[in-house]
Amino acid sequence: MDEIRCPMCGKPNPAIAEICQYCQAQLKPLGRLGDEQPPEQPSPDWLDEVRSSSTLPFDESISEEISKPGGEEDIPGWLARIRQREREEQEALQGSEGLSFDTEAEELPDWTAGIIELEEKREEASGENWLERLRKSKAISEPGAPDDKLVQAAEEETTEPPQADEDNWMNQLKNFQSAEADAFEESFSSSPAAGQKEGGEGAEEFTAGAAEEDEFSSWLRALEEQVGPASPSENLPETAVSAFLGDVDHLTEQKLQAFESETGGPPEGEIPSWLAGNSSDESSRNAPTAPKEGETPDWLKAFAEPEAGSIPPSAPDEETPEWLEGFRAETLSSAEQVPLAEKPVWLETAEEKSETGEPAAGEESFEPPDWLKAFENLTEENVSQIGAPNETLPWSGASGSEGQDSGGGLQDWFSQLPLEEPGDQKEEELPASEPPGFGTEISSDDLQPEVQNLLPDELLPALESSAVFRIGGEEVELPEEATPFINQETSEWSSPGTAALVGAGENETEDLTPATLPGWLEAMRPVEAIVGGQAQKIDEEQIEISGPLAGLPGVLPPEDIIAQYRKPPVYSAKLQATERQRAQASILEELIRTAGKPQVLQKENPEAPRLLVRLGLAVILIFAILYPILFGPPTTETPGLGITTEILTFSNQVEALSPGQTVLLAVDYDAGYSGEMRFVAKGVIQRLIQKRLNLALLSTVPAGPVLAEDMLQRASSELLAAGALSAPLPPERAVNLGYLPGGLSSLQELALKPQQAIRYTFVSSYEAKPAWEHPALQGIAGLNDFAAVIVLTDSVETGRAWIEQTGARLSGVPLLLVTSAQAAPMLKPYASSGQVDGMLSGLMDGMAYERLAKTPGNAAAYWNAYRYGMYVMVAFLISGAILRTIVWLLSRRSKKLK
Amino acid sequence: MQLDFLWTLTGFILTLLIFSYLFGDHFLFRIVAYLFVGVMAGYAAVLLIYQAILPRLVYPLLEGGALQTLQAVIPLALGALLLTKLTPRFSRLGNLSMGYLVGVGAAVLTGGAVVGTLTSQVQAATVGFDLQAAAMVGRNPAGALAEASLFLLGTISALIYFQFSVRDKRQKAERPPLLEAVATIGKVFIAITLGAIYAGVFAAALTALIDRLDFVTEFIFNIVF
């Protein structure tokens, strides 16, 4: 769906709508209407008629006149006559230089020319140029010197930079002050008709060249000088400009009439018929046949609308200040109430006035629009003073009363000013590179000495206080940042000196109403302007009362900042733990720390020769052991060696075994304890061999199978050596089942399923044989089938595992233990409780069993060595305890002595 | 014969090197210690191959039936998962095998301890009060009662000694006076037990020393004479 979004309110509108349904804003820029007009569009009939009736196209003559100022051959005759008269008067004026002020006063002052130029610029932007027509019509209507100068000035503006005109503002002011009101009105008397006439030439005139851009700058700056200082950009009343434009239009109408009465009007062939009818034949009201609405081209529509203040924003945005944009938008909004094809009421009224020949003074009956009324008031009160020849300028340095009392003091000092180049040179000597901001405070010291000399004394104080602008009696101080102009856009007329002059003049215009911005413009203001104002207000309200900055305003309140920030909460990194948790943590830390740390051997104290002591003790112990072995008498007596109940029970269980039965012999001790275990178990194994029992060797430790074979071989060898055995133990009577992996779990498996737990015999070759096919295991299906289970172990855990895991599965099969002396204290309870049927532990029990079983051996020799060694060891323990006690007593005594 | 002599000579040298520890922890002693550890580890590896892996894993897979093969696959998978413990990235996969081993071991140990130790030892503690049985074996009933009472006192006092917990945190971490006295008695029994264990270790070490000295003297006598 085609929609046009309103540039003002942003709401969508139908594509065919020309104005916004919500805010009544112009949806299609008027300035582009002419652009949108196709060039090949046929001209309306009335325009063709106009073109055909003129011998020389009027629009072409005007356009070429502007684009080619020096081209005299294309100028129409009436204009040539005007220029001729202008030249004559110029020559006359050059002869009387002192009278130049008065004669130039008849011209249109430049500041009003600037206003006209502003309107021209608006029209130019919107594709129409009614003020251009006014200006040129004045030149056409007045063949006299003033108007000719205006035309000449217009021609010069096309070639000269606008700076030149802007620099002559003081001259313009001076000329304006001395200008007669009647001459001023006369210069504009014929503007409406001329404007209409020129406006009929169409768009060709708008292509007058880029030189008019400079005109735009000039008149715009002039208008800024008139309107800007008195009312800052944000406060420019929308009605003030409209009212002023109404006055200008009215004056132009009067001047056009005067021109026509004086010159008889342009030639018939040079003016379009409808325009000629309108301008020359005042009685014939129907002569200027206004084009029908359907026949009116867009550019002409735009021409008919500028009086309503509709100015499309066709000018480049970068060249247009914001305040002017706002102003333009305001005029657009006001123009929305006027139909495009219709002329504004006030313009029609003005035309009627011109047709009826009513004088300008009778304009009280003229009813301008509301927006024009406000500006009309401004012009009536202030600008109308321009018409008074001997009145003080409203923006002169003194007040109005003082200006009158002084008899036009401003005129006096103005009259003293050199009217031509010297004044421009003074301003050019000002430092243009660093122009103060618009409206900034200018003191008399800031001005150049030449300018100070030129300025009257009563104006200097005003310059001192010209930092502010007075609008309607209210001081408006423009901050430098708030100026809508940038340095490149402002010319020298808006320089501080100029601003001071204007500002001083504005001191008199205290009756001006304060400027107010429309709501939509307030909403469009940049946020920074509002914030900046608030910040300034805050700074002004707060004055430091203490500290080194006491008395200074604008100090940032520290308490506000402090109140905004709080000290961030500090979270302790310390772990909240109780004493108990800390103690546990320390214990855990200590355990972890020392777990993987190798134990560090303490260095020996040099004061205590531990090495010698250790060697001495070793020598004594070794001697005590070796002496009975080497030099002891060979005896089998074991005095003091008793036979305990466990030894007796064990012997009885072994003796209860029948030859040919199979005994499961578990060898579960490490090689380090083989010496002790060999002394203990050797007698048992010899007895089993002597009883012709089958032996099934098994081990739950890796070294067990090897130690078992070594044990069996030693026992057999000793039996053979002793003659207790006639032949070596045959292989079929003993089988090494090897290693039983799995620890406790393997014992459980052995108790439940021995064939599954033990599958192959332990051999030193790759040819493993099935264990249960061995003759010694024939008829063995479980642990219950063994005649006895004898466990040789050096550890409590292994002995207890055999008891716990297999004890319940044996069911009547004796479980006998042969243990090391170090495991005996922990395994004795099992023997006492009956869970173990017999138990031998240590060398003493081994020798006792040998003695009881009458097996061959040299246990008696080892017995003496064992006894002597035990004596020596006990002596060492007692000696050590005594020595430690003596040291403790000595240390205690020394402490007492100290 | 020569081979036995070489092995005996090796044993003799290694024994002397171990005895050199009397002069402190030196290089030779550490060599022998590392040698024993290395030999034992190598031997254990070979033993496990021939006594565990081949007969329990390889042979069932190659020669066994379906049931044996199935029974061998499970430990094979668990064993493979256990190898993942070598790499931290996949070590979590080995948790299954470790869980199986720990679970089965704990179950076996707990069951054996309850049946083989706890129940049996509690029952044995009460058997001593069977005076009639003591009389049947020819023991003095009074002595048997005293002995049984002493055993009971030692058992109870030792158990009370290991009671360290308190019911209330506000309560002072001290035993009641009665329990404190019984715990002290238990401490005495525990000390006697530890002394007996120490004496057994001392006797075992002395016996091992006697065996080694007998070996050394026998080797020397065999060489000299």
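Treat the numbers as computed from the prediction; the structure is a model and nothing was measured. Quick note: numbers below take in every heavy atom, side chains included, and nothing from hydrogens, waters or symmetry partners. Lettering of chains follows the sequences in order, A, B, ..., and the numbering in each one begins at 1.
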Side chain, backbone, both or neither: which part of [X] has a non-hydrogen atom closer than 4.5 Å to chain A?
X: B/Phe151; result: neither
X: B/Leu48; result: side chain
X: B/Phe215; result: neither
X: B/Thr217; result: side chain
X: B/Phe36; result: neither

Validation row, ring centre B/Tyr50 to ring centre A/Tyr760 under 6.0 Å: no

Could you tell me whether the side chain of [X] and the main chain of [Y] form a donor-acceptor pair under 3.5 Å?
X: A/Arg800; Y: B/Ala113; answer: no
X: A/Glu804; Y: B/Val108; answer: no
X: A/Gln835; Y: B/Gly116; answer: yes
X: A/Tyr739; Y: B/Leu47; answer: no

Please name the residue in the list B/Val201, B/Ile197, B/Leu194 that meets the side-chain contact (heavy atoms from CB on, under 4.5 Å) test with A/Pro825. B/Ile197

B/Asp211: which of A/Phe679, A/Tyr673, A/Tyr862 passes side-chain contact (heavy atoms from CB on, under 4.5 Å):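 So the option named by the test is A/Phe679.
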
Just checking [X]: does its [atom1] atom have more than 12 heavy atoms from other residues, nucleotides or ligands closer to it than 6.0 angstrom?
X: B/Phe23; atom1: CZ; answer: no
X: B/Tyr43; atom1: OH; answer: yes
X: B/Met98; atom1: CE; answer: no
X: A/Gln756; atom1: CD; answer: yes

Point-to-point distance, once rounded to the nearest 0.5 Å, from CG of B/Leu206 to CG of A/Leu621: 6.5 Å

In Å and rounded to the nearest 0.5 Å, what is the OG1 to CD distance from B/Thr207 to A/Gln822?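 Answer rounded to 0.5 Å: 10.5 Å.
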
Which heavy atom of A/Arg614 sits nearest a heavy atom of B/Tyr21, and at what distance?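 The answer is NE-O, 4.4 Å.
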
Does the pair A/Glu749 and B/Arg56 meet the rule for a salt bridge (charged side-chain N to carboxylate O under 4.0 Å, His left out), with working shown? CA-CA 13 Å; A/Glu749 183 185 14; B/Arg56 290 176 175 264; 3.7 Å; yes

Could you tell me which portion of [X] (side chain, backbone, both or neither) has an atom closer than 4.5 angstrom to a non-hydrogen atom of chain B?
X: A/Leu612; result: neither
X: A/Val680; result: neither
X: A/Ala703; result: both
X: A/Met826; result: side chain
X: A/Leu617; result: neither
X: A/Leu747; result: neither

Tell me which of these, A/Gly834, A/Gly742, A/Ala808, A/Ala757, has more heavy-atom pairs under 4.5 Å with chain B than the rest. A/Ala757

